[in-house]
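To start, the structure under review is shown below, and the notes come after it.
Just follow the structure's listing: the first ligand is 1, and inside any ligand the first atom is 1. Since the model is a prediction, treat every value here as computed from it, not as a measurement. Here, residue 1 is the first one in the sequence, and each next residue gets the next number.
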Amino acid sequence: MTVPLLDIRDLKRYFPVRSGLLHRITGLLRAVDGVSLEVDAGEVIGIVGESGCGKTTLGKTIQGIYRPTDGEVFLEGKPLSRLPAKELRRLRLSLQYVHQDPLASFDPWWPMARSLDEPLRAHTELPWSARMERVASIVRAVGLDMEHLERFPHELSGGQLRRLTLARVLVLNPRVIVLDEPTASLDVSVQARILKLLSKLRSEFNLTYVFISHDLRIVRIMCDRVAVMYLGKVVETGPTEVVLQDPRHPYTRALLAAIPHMTPGGPQDQNLVEGEPPSPLFLPQGCRFSSRCPLFQEGLCNASEPALSPVGPGHEAACFRSAELSRAEEAKAGIGAFGLERAEKREGRKMRIGESNAS
Ligand SMILES: Nc1ncnc2c1ncn2[C@@H]1O[C@H](COP(=O)(O)OP(=O)(O)OP(=O)(O)O)[C@@H](O)[C@H]1O
Ligand code: SF4
Ligand SMILES: [Mg+2]
């Protein structure tokens, strides 16, 4: 049996919430609440979900910037929390994180040459000339030249900064990179160039990506598999095209519905979910999507929390009613589950799918 390059098991990261004069802990914010993922060498796995669902916290906990509250990250089969410090330092170099905010990677008072040299100086014993050679070759690989190394962060465009954030981790020769919204706040043409660069670097350096994004269109282009997160948990995962063509969790459908030309079921899937997600401090009882779900069923969805369960080859969803969302079932019934739900709402009826008219 081959061991996945990156194996994340039941990873949790809670933040204590303090209040009062004594600054006592009065609650726990469950930013990441039991995420398990396996990533093979060379794969790109997408992590998607609304703002605040825990994508960045997951990325930082995988890399070790945040200590996990519970769970384990295995890299090359080795549990990171249980390694001796020296081996951990060596292995951590193979697993890098690229910040959501590119400016967070650089000291505003340092020219880029110093910022790119700094990780090499800290983690290797290479002499200055060898370090500079490495920096120069990586800067060329990300499509920039030596002139950019003389500049300070505020003297670079958004696209150039993104390239240099990649260069800063690539100098360490990683195997896995967690990319946190690598094209955020770039215009569409620069986004396209960065995505192309990421694909080129992936094959040139044999990289594996954990690709965090809130944009399913980008995930579709870049990712072999996708994990959809809601309030700190993965609610659906599978091969990207399978999940996008046959989404089996209402939340995935809602994300797709926000992008009209990606809605697999056509116009009836529009505007399914309204409002903001609840605070991760006060999770709803049972299914954590229940407060927004158009398919919520009293007594079922609020009784317990659905676990991820297989709904197809390599495809899992955490929803008690995922079978009703199958495209094949919908076609048999002649109407999409969401279409029926919306028709009921329009007609002012309270009945939900699965309940009888007699009640
Ligand atoms: N250092 C921290 N201390 C306390 N709470 C935090 C901390 N970092 C994140 N959180 C909380 O954890 C939850 C998840 O935040 P996170 O930044 O991981 O979300 P995200 O999915 O990356 O959002 P976005 O798409 O806006 O970047 C949020 O409720 C956030 O307020
Ligand atoms: S379990 Fe119920 S509330 Fe949760 S997503 Fe499925 S139908 Fe909606
Ligand atoms: Mg984030």
Side-chain angles (χ1 to χ4, degrees), residues 11-19 25-33 35 46-63 65-67 69 97-102 104 178-185 210-216 218-219 227-236 247-255 272-273 276-309 311 316-326 337-338 340-341 352-355:
L11 201 64
K12 296 181 182 159
R13 173 65 203 194
Y14 299 166
F15 294 110
V17 178
R18 295 170 190 276
S19 54
I25 296 177
T26 52
L28 281 178
L29 189 149
R30 295 159 188 260
V32 173
D33 200 12
V35 169
I47 310 287
V48 285
E50 282 165 298
S51 181
C53 71
K55 303 181 296 296
T56 293
T57 308
L58 175 64
K60 288 184 174 176
T61 313
I62 291 172
Q63 205 277 337
I65 297 170
Y66 291 146
R67 190 188 287 272
T69 305
Y97 170 83
V98 174
H99 284 273
Q100 181 166 358
D101 171 11
V178 180
L179 298 159
D180 197 347
E181 305 270 7
T183 59
S185 49
V210 176
F211 191 100
I212 296 173
S213 177
H214 62 272
D215 191 333
L216 278 168
I218 292 180
V219 166
V228 180
M229 272 186 87
Y230 187 76
L231 282 179
K233 276 212 153 146
V234 173
V235 294
E236 182 159 9
R248 301 290 285 275
H249 194 285
Y251 179 59
T252 314
R253 286 209 170 186
L255 289 180
L272 289 166
V273 173
E276 296 289 316
S279 159
L281 265 174
F282 307 105
L283 296 172
Q285 215 186 338
C287 173
R288 49 189 75 197
F289 190 54
S290 57
S291 59
R292 297 168 85 198
C293 183
L295 297 184
F296 171 80
Q297 194 173 314
E298 180 66 38
L300 174 70
C301 302
N302 52 354
S304 61
E305 186 162 21
L308 273 176
S309 315
V311 290
E316 294 181 317
C319 170
F320 293 125
R321 302 184 66 182
S322 61
E324 294 164 54
L325 295 176
S326 137
F338 275 126
L340 179 55
E341 197 73 15
R352 290 183 181 274
I353 303 164
E355 291 174 358

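- Taking the six-membered ring where tryptophan is involved, the planes of Phe289 and His249 are tilted, since the angle between them lies from 30° to 60°.
- With contacts defined as side-chain heavy-atom distances shorter than 4.5 Å, the pair Arg30/Arg13 does not qualify.
- In this structure, the protein non-hydrogen atom closest to atom 2 (Fe) of ligand 2 is Cys301 SG, 2.3 Å.
- In this structure, Gln297 does not count as a contact residue of ligand 2, since none of its heavy atoms falls inside 4.0 Å of the ligand.
- Residues Cys293 and Cys301 fail the side-chain proximity criterion, which asks for heavy atoms closer than 4.5 Å.
- Residue-ligand proximity, Ala31 to ligand 1, at heavy-atom distances under 4.0 Å covers atoms 12 (O), 13 (C).
- When heavy-atom distances to ligand 1 are checked against a 4.0 Å cut-off, Tyr66 comes that close only through its side chain, counted from C-beta outward.
- There is a protein heavy atom less than 4.0 angstrom from atom 24 (P) of ligand 1.
- Here Leu325 contributes atom CG and Glu236 contributes atom CD; the two are 8.5 Å apart, rounded to the nearest 0.5 Å.
- Remark: ligand 1 atoms within the under-4.0 Å shell around heavy atoms of Gln100 are 27 (O).
- Atoms of ligand 1 lying under 4.0 Å from at least one heavy atom of Thr57, given by number and element, are 9 (C), 14 (C), 15 (O), 16 (P), 18 (O).
- Expressed to the nearest 0.5 Å, how far NZ of Lys12 lies from CG of Leu28 amounts to 11.5 Å.
- For ligand 2, the atoms lying closer than 4.0 Å to a non-hydrogen atom of Leu295 are 7 (S).
- Side-chain atoms of Ile218 and Phe211, non-hydrogen and from C-beta on, do get closer than 4.5 Å to each other.
- Applying the 4.0 Å criterion to heavy atoms of Thr56 picks out, from ligand 1, the atoms 17 (O), 18 (O), 20 (P), 22 (O), 27 (O).
- Residues Tyr230 and Thr252 fail the side-chain proximity criterion, which asks for heavy atoms closer than 4.5 Å.
- Looking only at atom types and distance, the side chain of Asn302 has no donor-acceptor partner in the side chain of Ser290 under 3.5 Å away.
- Glu305 has a carboxylate O that lies under 4.0 Å from a charged side-chain N of Arg288, or vice versa, which qualifies the two as a salt bridge.
- Of the protein's heavy atoms, none falls inside 4.0 Å of atom 30 (C) of ligand 1.
- Not one N/O/S atom of Cys319, from backbone or side chain, sits under 2.8 Å from atom 2 (Fe) of ligand 2.
- By the criterion of a heavy-atom distance under 4.0 Å, the side chain of His249, and not its backbone, is placed next to ligand 2.
- With contacts defined as side-chain heavy-atom distances shorter than 4.5 Å, the pair Arg248/Cys319 does not qualify.
- Comparing Gly52, Pro16, Gly49 against atom 20 (P) of ligand 1, the shortest heavy-atom distance belongs to Gly52.
- Put simply, CG on Leu308 and NZ on Lys233 are 8.5 Å apart, with the number rounded to the nearest 0.5 Å.
- Taking every heavy atom of Ser290 and a limit of under 4.0 angstrom, the matching atoms of ligand 2 come to 3 (S).
- By the criterion of a heavy-atom distance under 4.0 Å, the side chain of Pro250, and not its backbone, is placed next to ligand 2.
- Lys55 places a side-chain N or O within 3.5 Å of a backbone atom of Glu50 that can act as its donor or acceptor partner.
- Within the listing of ligand 1, atoms 14 (C), 18 (O), 19 (O), 20 (P), 21 (O) sit less than 4.0 angstrom from a heavy atom of Gly54.
- Of all atoms in ligand 1, numbered sequentially from 1 with element shown, those under 4.0 Å from a heavy atom of Ser51 are 23 (O), 24 (P), 25 (O), 26 (O).
- Between Cys53 and ligand 1, at least one pair of N/O atoms sits closer than 3.5 Å.
- From Leu231, atom CG reaches atom CG of Leu283 across 6.0 Å, with rounding to the nearest 0.5 Å.
- Here's the thing with Leu29: none of its N/O atoms is less than 3.5 angstrom from an N/O atom of ligand 1.
- Protein heavy atom at the shortest distance from atom 10 (N) of ligand 1 is Phe15 CE1, 3.6 Å.
- Checked options Val235, Asp33, Ile212, Leu58; the residue passing with Met229 is Leu58 (criterion: side-chain contact (heavy atoms from CB on, under 4.5 Å)).
- Counting only heavy atoms of the protein, atom 4 (Fe) of ligand 2 lies nearest to Cys287 SG, 2.3 Å.
- Residue-ligand proximity, Cys293 to ligand 2, at heavy-atom distances under 4.0 Å covers atoms 3 (S), 5 (S), 7 (S), 8 (Fe).
- For ligand 2, the atoms sitting less than 4.0 Å from at least one non-hydrogen atom of Phe320 are 1 (S), 6 (Fe), numbered in the order shown with element in parentheses.
- The distance from ligand 1 to the heavy atoms of Pro280 drops below 4.0 Å at these ligand atoms: 29 (O).
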